[in-house]
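Below you'll find the structure, written out as structure tokens, and then a few comments.
Per chain, numbering begins at 1; letters A, B, ... match sequence-line order.
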Amino acid sequence: MKIATWNVNSLKVRLPQVLDWLAQQRPDALCLQELKQEDSAFPMAAITAAGYHAAISGQKTYNGVAILTRNEPTAIERGIGGFEDEQRRLISASVDANFGALRIVCAYMPNGQSIDSDKYQYKLRWLQALTVWLRGELEKYPRLVLLGDYNIAPEDRDVHDPEAWRGQILCSEPERAAFKSLLELGFSDAFRRFEQPEKSFSWWDYRMQGFRRNLGLRIDHILLSQALDGHCKSCSIDKAPRKLERPSDHAPVVAELA
DNA sequence: ATGTCTCAGGGACTGAGA
């Protein structure tokens with residue numbers, strides 16, 4: 001089965017691209033972030049017509065996440081259990097796979113703005129709560145995949161200019177330590193299980209002709225629980241949608257499980 | 001290079017967030 005994650009930076013604007021991508025790629029599951037719309041505005045009819053179910057948790061202007069699946073999702077849950085958060089950043093659902101039920105967790109992790117911002121403190125608290133909560137989720141759902149926009153570049157090789165970014169937001173040591181804490185739950189980074197081109201990124205700033213010059217970061221990830229390790233057959237970044245007119249600033253990340 | 005894109009409020013542009 002094919003699973004993917006894509007920060008679309010407004011589903012209203014990006015809907016035609018999402019529908020095209022679904023038609024071309026036919027993923028079994030697509031996790032979306034930054035819908036930037038309330039649930040009442042979600043384009044359910046178009047998604048249904050494309051052959052997909054949708055579990056959604058939307059919000060006006062900011063945030064908002066969804067899981068689109070070809071098979072009906074079950075046990076849909078919103079947010080991090082035990083963590084009060086008015087921002088709609090996380091949704092979970094289960095789908096059947098040929099190797100057993102798969103638990104999908106779709107996350108839009110906080111950006112943090114800058115390391116001296118109170119949004120940075122919120123980011124670190126959010127990541128801590130996620131890690132605590134996931135420990136229990138992994139017991140309930142051993143075959144669990146955590147996909148989304150992590151807003152963390154885990155290593156220097158995930159950054160176009162590591163020296164310029166050192167200690168900055170998306171790259172700071174506390175953020176990288178939080179990412180490592182996720183790995184210590186038994187997760188592995190699907191992308192790094194395979195040989196990849198150098199300077200592989202998933203996000204490029206709209207400014208400075210960032211995409212054309214490949215001034216990017218790899219901040220969108222697919223983490224696989226230990227029970228899924230042997231099931232992952234490939235993982236790659238699809239840069240094609242980033243080349244379109246009016247693109248999202250992120251590209252989809254895709255993994256194949258069997 | 002405070003550089004681009006998106007949204008809301010209000011009804012043209014500005015500010016916030018990324």
Between A/K243 and A/D238, is the closest basic N to carboxylate O distance under 4.0 Å?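 No.
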d([atom1], [X]; [atom2], [N]) in whole Å:
X	N	atom1	atom2	value
A/I115	B/dA18	CD1	C1'	17 Å
A/E34	B/dA16	CD	C1'	13 Å
A/I219	B/dG17	CD1	P	18 Å
A/K123	B/dG17	NZ	C1'	13 Å
A/N7	B/dG17	CG	C1'	12 Å
A/Y122	B/dG17	OH	P	12 Å

Specify whether A/W21 and A/W6 have parallel, tilted or perpendicular ring planes, treating 30° as the upper limit for parallel and 60° as the lower limit for perpendicular.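 Because their plane-to-plane angle lies in the 30° to 60° range, the rings of A/W21 and A/W6 count as tilted.
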Could you check whether the rings of A/W203 and A/W165 sit parallel, tilted or perpendicular, using 30° and 60° as the cut-offs?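 Taking A/W165 first and then A/W203, their aromatic rings stand perpendicular (interplane angle over 60°).
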[N] and [M]: how far apart are their [atom1] atoms, nearest whole angstrom?
N	M	atom1	result
B/dG10	B/dC5	P	26 Å
B/dA1	B/dC7	C1'	25 Å
B/dG3	B/dT14	P	13 Å

Output one letter per nucleotide in nucleotides 4-12 of chain B: B when a protein non-hydrogen atom lies under 4.0 Å from the base, S when only the sugar-phosphate is that close, - when neither is. BSSSSS---
The criterion is side chain to side chain donor-acceptor pair (under 3.5 Å); which residues satisfy it with A/R176, sequence neighbours excluded?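 Applying side chain to side chain donor-acceptor pair (under 3.5 Å) to A/R176 gives A/D156.
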Can a donor-acceptor pair be found, under 3.5 Å and without considering hydrogens, that links the side chain of A/K180 to the backbone of A/P154?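 Flag not set: sc A/K180 to bb A/P154 has no pair under 3.5 Å.
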Closer than 3.5 angstrom, by distance alone: can the side chain of A/Q17 be matched with the main-chain N or O of A/E245 as a donor-acceptor pair?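 At least one qualifying donor-acceptor pair exists.
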Just checking A/F211: base, sugar-phosphate only, or nothing, at a heavy-atom cut-off of under 4.0 Å?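 Counting heavy atoms under 4.0 Å across all strands, no contact is made by A/F211.
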